Amino acid sequence: MCAIMGFSTKTLKQEDFQPCFDRTATRGPDMSRVIETPSGWLCFHRLAIMGLTEAGMQPFELDGSWLVCNGEIYGFRPLKRKLEEQGYAFKSGSDCEILLPLFREYGLEMFSRLDAEFALIIYDAKTDSLIAARDPIGIRPLFYGYGPDGGIIFASEAKNLVGLCKTVHPFPPGCYYADGKFVRYANLTTVDAYTADDLETVCRNIRNKLIAGVDKRLDADAPLGFLLSGGLDSSLVCAISAIVLGKKIRTFAIGMDKDAIDLKYARQVADYIGADHTEVFMTREQVLESLEDVIAMLGTWDITTIRASMGMYLCCKAIHERTDIRVLLTGEISDELFGYKYTDFAPSPEAFQQESKKRVDELYMYDVLRADRCISVNSLEARVPFGDLDFVRYVMSIDPAKKINTYQMGKYLLRHAFENDHLLPDEILWRQKAAFSDAVGHSMVDDLKEYAEETYTDAEFEARRQQYPYGTPFTKESLLYREIFEKYYPGQAEMIRDFWMPNKSWEGCNVNDPSARVLANYGESGS
């Protein structure tokens, strides 16, 4: 991960904004640089992943234009060779160095051509203005706001803008900003016509496209590691990676010290694929001591995101402190594409599809936000194979009548796609899903609820929750999170659309806790 920031005006001096930029120094601890453009500023904190020498340090410059990018450009090597044939010279092994030449060749059309996870800011010398863009899912973070003089300011995280801008906005995924307007250049989730592929063809394509998505994310000049929860998604990523790399991979799992559901499954997967496996244990005391830091890091008040971040944050903290790993592959985005426990209650295939679309479109506020912050605050980079653009487009195009759970097994298509490969033990491939925040140990969620209950009386809860007309807390736990959020992001609650909850309009889903444990179909998922 890296941190970027850009100012369209010079009203603010560097000494005014440098402390704000340095709030995200852990995203890029290797080098830092601020340059003055003719009309503003560009800032960069670097975490070196590709092209590890100082020559890969940003901002990059071409004909008076400058660029800062937090991203990975997949397949950049053939693009670079083609640009070299056209006369461009490169100074580093950084993938992001190809972006200004591509911008010169294609202009704003460049963004729709990229196979990448990225957030970038360009100072365009031709127009003396800033251009900014974000990848189609929003895997890399970007926010914006307006300074006191009306100039726009872009930054990797909301915390960079608190105090500089009255209102902080998430930069919309799949959009670029130019000439004072936001333009959507990519829409992965709107499907005009479903593919006519039969079930076996669908599964074969899922298999091949996921393998390709994993393969391209294994290209790094810095050491790789893998988060392994023991669930289907991360287990598949790890198993595919081990085969593609042809060597022992390093996997990491976390759980509570007394009742971690998934540690045994993660260990089973690691043993099966021959991984160098590390288990991290966390205690009630660590969870409660870390809570405020986690919410300050995340910039959210959402219950699900915060719960699921506790284990991920502490696991990544241990990886950062104990290893030389710089890049982590994770299993996010599979649920949004193939379904959760609650989508078993979808009243129709089209309802399933619309719910999937909504969840993928909003990922940047929830699971993707969680993965980015937990990993980047520990000076690591996240890569998300299930977020591969070709993979997402294809899965969204599958007839939802095939995706909906009529198989008595969630995510049937994904499981069946790898059934004959025997990459995983059958009991892992066909195991029912457990929610990550529960799987690290049911006691963790119970501890957080208990702590919140001890914090407020019933009367205090009712009085204090009414202070928040937007995203009104509805449990003591949600009030606790909201009050911590407001301490660090005062008045910025609208950055998050709503609580991540099952679709309450569906029968069986009108629940007051986001945990899958409260659903009637949870069954043996948590055992």
Side-chain angles (χ1 to χ4, degrees), residues 2-12 14 17 21 28 31-46 48 50-51 53-73 75-77 79-135 140 142-144 147 151-156 160 171 174-183 185-186:
C2 300
I4 62 175
M5 203 166 181
F7 298 78
S8 66
T9 62
K10 286 187 182 176
T11 303
L12 289 170
Q14 185 173 349
F17 65 76
F21 183 49
M31 294 182 70
S32 184
R33 186 174 294 163
V34 175
I35 65 145
E36 186 175 356
T37 70
S39 55
W41 305 90
L42 285 179
C43 317
F44 189 71
H45 289 311
R46 186 187 188 200
M50 304 297 291
T53 69
E54 191 171 338
M57 180 59 184
Q58 301 182 35
F60 291 120
E61 185 268 341
L62 180 66
D63 296 338
S65 293
W66 296 84
L67 169 136
V68 288
C69 178
N70 169 27
E72 289 297 334
I73 315 303
F76 82 96
R77 298 178 199 279
L79 286 172
K80 185 176 181 179
R81 287 193 293 270
K82 183 178 178 182
L83 289 165
E84 286 172 333
E85 291 169 1
Q86 293 174 249
Y88 290 97
F90 296 93
K91 300 176 181 178
S92 77
S94 169
D95 52 321
C96 292
E97 193 181 358
I98 70 170
L99 292 171
L100 281 175
L102 286 175
F103 181 67
R104 183 203 268 178
E105 293 295 320
Y106 300 110
L108 296 171
E109 290 184 13
M110 172 184 79
F111 303 119
S112 60
R113 292 171 173 263
L114 293 177
D115 180 9
E117 300 161 0
F118 71 93
L120 62 77
I121 309 165
I122 295 171
Y123 168 74
D124 183 11
K126 286 185 178 179
T127 60
D128 187 30
S129 65
L130 292 187
I131 293 166
R134 190 179 187 187
D135 67 71
R140 296 304 169 97
L142 193 62
F143 290 79
Y144 72 97
I152 196 165
I153 308 172
F154 302 103
S156 285
N160 298 124
F171 194 103
C175 292
Y176 65 77
Y177 171 91
D179 300 321
K181 301 187 296 289
F182 290 88
V183 177
Y185 69 85

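Remember, predicted model here, so these are calculated numbers, not experimental data.
Annotation for Ser39 and Asp128: closest pair OG-OD1, 3.0 Å, computed over non-hydrogen atoms. Across Cys2 and Asn70, no two heavy atoms sit closer than the pair N-OD1, 3.2 Å. Nearest heavy-atom pair, Asp95 versus Gly71, reported as atom, atom and distance to 0.1 Å: OD2-O, 3.7 Å. The two residues Ser156 and Ala3 make their nearest non-hydrogen contact at OG-CA, 3.4 Å. The heavy-atom pair separating Phe60 from Gly56 by the smallest distance is CZ-O, 3.5 Å.
For the pair Ser8 (side chain) and Ile152 (backbone), a donor-acceptor distance under 3.5 Å is present. Judged by distance alone, the side chain of Ser65 and the main-chain N or O of Ala125 form a donor-acceptor pair under 3.5 Å. Side-chain atoms of Arg134 come within 3.5 Å of backbone atoms of Arg140 as a donor-acceptor pair (strictly under, hydrogens ignored).
Separating the OG atom in Ser112 from the OH atom in Tyr185 is a distance of 8.0 Å, to the nearest 0.5 Å. Ile73 CD1 to Cys96 SG: the interatomic distance, rounded to the nearest 0.5 Å, is 5.0 Å. In this structure, NE2 on His45 lies 4.0 Å from OG on Ser32, to the nearest 0.5 angstrom. Separation of atoms CD (Gln58) and CD1 (Ile35) is listed at 10.5 Å; rounding is to 0.5 Å. For the atom pair CG (Leu142) and CG (Asn160), the distance works out to 10.0 Å, reported to the nearest 0.5 Å. Note that CG of Leu62 and CG of Leu67 are 10.0 Å apart. Values are rounded to the nearest 0.5 Å.
Ring orientation note: the planes of Phe182 and Phe171 are nearly perpendicular, at an angle over 60° on the 30°/60° scale. Between Tyr177 and Phe154, the ring planes lie perpendicular to each other; the angle is over 60°, past the 30° to 60° tilted range.
When each of Val183, Ile131, Asp135 is paired with Phe111, the side-chain contact (heavy atoms from CB on, under 4.5 Å) condition holds for Ile131 and for no other. For the ring pair (Phe, Tyr, Trp, His ring centres under 6.0 Å) test with Phe7, the passing option among Phe17, Tyr144, Phe21, Tyr123 is Phe17; the others fail.
Side-chain contact check for Trp41 versus Thr9: every heavy-atom pair is 4.5 Å or farther apart. Proximity of Phe103 to Asp124: side-chain heavy atoms (C-beta onward) are separated by under 4.5 Å at one or more points. Looking at heavy atoms from C-beta onward, Leu99 lies out of side-chain contact with Ile122 at the 4.5 angstrom threshold. Using a 4.5 Å cut-off on side-chain heavy atoms (C-beta onward), Pro59 and Arg33 make contact. Within the 4.5 Å cutoff, the side chain of Leu102 has heavy atoms near those of the Leu114 side chain.
At a cut-off of 3.5 Å, with distance as the only test, a side-chain donor of Ser129 or Thr127 sits close to an acceptor on the other residue.
For Glu61, the CD atom sits in a packed shell: over 12 heavy atoms of surrounding residues, nucleotides or ligands are nearer than 6.0 Å. Under a cut-off of 6.0 angstrom, the local environment of CD in Glu105 is crowded, with over 12 non-hydrogen atoms contributed by other residues, nucleotides or ligands.
Salt bridge annotation for Glu97-Lys80: absent, with no cationic side-chain nitrogen under 4.0 angstrom from a carboxylate oxygen.
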**Item:** Worked verdict on Phe44 versus Met57 for side-chain contact (heavy atoms from CB on, under 4.5 Å)
**Value:** CA-CA 9 Å; Phe44 189 71; Met57 180 59 184; 3.7 Å; yes
**Item:** From CA spacing to verdict: ring-ring contact (aromatic ring centres under 6.0 Å, His included), Phe76, Phe90
**Value:** CA-CA 13 Å; Phe76 82 96; Phe90 296 93; 9.3 Å; no
**Request:** I would like to know whether Gln14 and Glu36 meet side-chain contact (heavy atoms from CB on, under 4.5 Å); could you show each step before the answer?
**Result:** CA-CA 9 Å; Gln14 185 173 349; Glu36 186 175 356; over 6 Å; no
